Amino acid sequence: MSEPKILLVEDELSLAEGIKLNLELEGLACTWIPRGDQALKQILAETYDLVILDVMLPGMDGFTICEKVREAKNFTPILFLTAKNTDDDRVHGFETGADDYLGKPFQVRELLLRVRAILRRESWYKSREISSRQPFGPYWVDFDNFCGEGPGGAFQLGVKESMILKLLMERPGQVVSRTDILDKVWGEDAYPTSRTVDNFIVRIRRVMEDDPHHPKWVHTIRSVGYQFDPEGKQRKGEE
């Protein structure tokens, strides 16, 4: 098996050299680019297992790069690495499609742990515990292309929405706790809270429930988590 390929986009030379060296010592192939505009072209032209992306870059900022990558239907995992470390910055990073967010300054060991966690999650997501094109009732969802279709027409899913839905559908009828979802989809040390999970469930329901306020497929188990019902039965009183 070939070593995972990492693209590092960082304009601070000494920091980039240190990160690149440590990634390579971990057995990861690392390419370094210092400019945002160059990085966007590289991400869209080549295949990587992970992009480590600074936010403040010459040529194009990291948030814009992430948005353009996702608009191009490229779902390469992205880890933001930045001094812009307020709660609003983090939320904005995840909303643009990032997989994780690590603020500067940081310990190299923490970065390596985040990198390994993302690569593990990507490996799990690409596994075939269930079909990549999974049917349920009058719907189907395509986990490879982050989309689906139902009675209301075609719909698009975000990366995290797809991961949450895949996890729930791998355990039909079972209650999956918010903690389990956070650990599997983001990693136990990541920023999001259980409220983040709830917000992503709301997005899932908007595209794949006839009535998002009275769901049939993804049910809330109060104070615990969520459950996928393969039979699509509405529960009395659930909102």
Side-chain angles (χ1 to χ4, degrees), residues 44 47-50 66-78 94-100 117-187 190 192 194-221 224-235 238-239:
L44 297 179
T47 299
Y48 294 96
D49 296 288
L50 172 65
C66 188
E67 289 172 347
K68 289 183 177 296
V69 166
R70 298 303 186 232
E71 286 171 2
K73 309 303 180 189
N74 182 313
F75 299 103
T76 302
I78 292 175
F94 285 117
E95 287 178 343
T96 61
D99 293 78
D100 205 348
I118 291 173
L119 294 175
R120 282 196 304 272
R121 292 197 294 274
E122 188 71 1
S123 177
W124 157 71
Y125 185 77
K126 291 179 178 177
S127 68
R128 289 293 175 259
E129 294 185 37
I130 59 176
S131 171
S132 60
R133 185 182 171 101
Q134 185 71 17
F136 57 103
Y139 293 86
W140 57 262
V141 60
D142 184 337
F143 291 112
D144 286 344
N145 295 298
F146 304 90
C147 63
E149 189 171 324
F155 56 83
Q156 195 71 36
L157 292 168
V159 174
K160 295 303 185 188
E161 293 155 16
S162 296
M163 295 178 80
I164 293 171
L165 188 55
K166 182 176 189 287
L167 177 60
L168 295 175
M169 294 180 77
E170 284 178 348
R171 306 179 189 180
Q174 298 180 32
V175 180
V176 183
S177 71
R178 290 175 176 84
T179 300
D180 284 347
I181 294 172
L182 283 170
D183 187 27
K184 194 75 171 181
V185 175
W186 279 274
S194 58
R195 183 61 184 167
T196 304
V197 176
D198 299 337
N199 290 337
F200 275 91
I201 292 292
V202 169
R203 297 185 192 183
I204 290 170
R205 285 173 171 164
R206 283 175 183 164
V207 299
M208 55 169 276
E209 296 279 3
D210 295 333
D211 182 353
H213 295 292
H214 300 89
K216 295 180 179 179
W217 304 102
V218 178
H219 296 292
T220 302
I221 308 303
V224 181
Y226 295 95
Q227 177 190 60
F228 175 74
D229 183 352
E231 297 183 3
K233 294 180 179 177
Q234 187 175 331
R235 294 190 175 183
E238 181 175 16
E239 291 193 18

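Any value given below was found using the heavy atoms of this structure, including those in side chains, with hydrogens, waters and symmetry copies removed. Every value quoted in this text rests on a predicted model; they were computed, and no experiment measured them.
Judged by distance alone, with hydrogens and angles left aside, the side-chain atoms of D229 form no donor-acceptor pair with the main-chain N or O of W217 at under 3.5 Å. Side chain of E209 to main chain of I204: no donor-acceptor pair is present (N/O by atom type, distance under 3.5 Å, no hydrogens or angles). Formation of a donor-acceptor pair under 3.5 Å by the Q156 side chain with backbone atoms of F146 is found in this model.
Between Y226 and R178 the shortest side-chain heavy-atom distance falls below 4.5 Å. Taking 4.5 Å as the limit, some side-chain heavy atom of Y139 sits within range of a side-chain heavy atom of P151. Residues I181 and F200 form no side-chain contact, since every pair of their non-hydrogen atoms from C-beta on lies 4.5 Å or further apart. At least one side-chain heavy atom of K160 sits under 4.5 Å from a side-chain heavy atom of D99. For the pair V69 and F75, the minimum side-chain heavy-atom distance is 4.5 Å or more. Annotation: side chain of R171 is in contact with side chain of D180 (closest heavy-atom distance under 4.5 Å). At least one side-chain heavy atom of M163 sits less than 4.5 Å from a side-chain heavy atom of W124. When side chains are defined from C-beta on, I164 does not count as touching K184, because their heavy atoms never get closer than 4.5 Å.
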Applying side chain to side chain donor-acceptor pair (under 3.5 Å) to R205 and T220, what does each step give before you reach the verdict?
CA-CA 11 Å; R205 285 173 171 164; T220 302; 2.9 Å; yes
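Surrounding NZ of K166 are more than 12 heavy atoms belonging to other residues, nucleotides or ligands, all under 6.0 Å away.
Screening L157, V141, D144 against S162 for a side-chain contact (heavy atoms from CB on, under 4.5 Å) leaves a single residue, L157.
Within the model, atoms OG1 of T76 and CD of E122 stand 8.0 Å from one another, a figure rounded to the nearest 0.5 Å. In this structure, CZ in F228 is found 7.5 Å from CD in Q134, a value given to the nearest 0.5 Å.
The aromatic rings of Y125 and F143 lie perpendicular to each other, with more than 60° between the two planes, well past the 30° mark.
Evaluation of the salt bridge (charged side-chain N to carboxylate O under 4.0 Å, His left out) rule for K73 yields no partner, not counting sequence neighbours.
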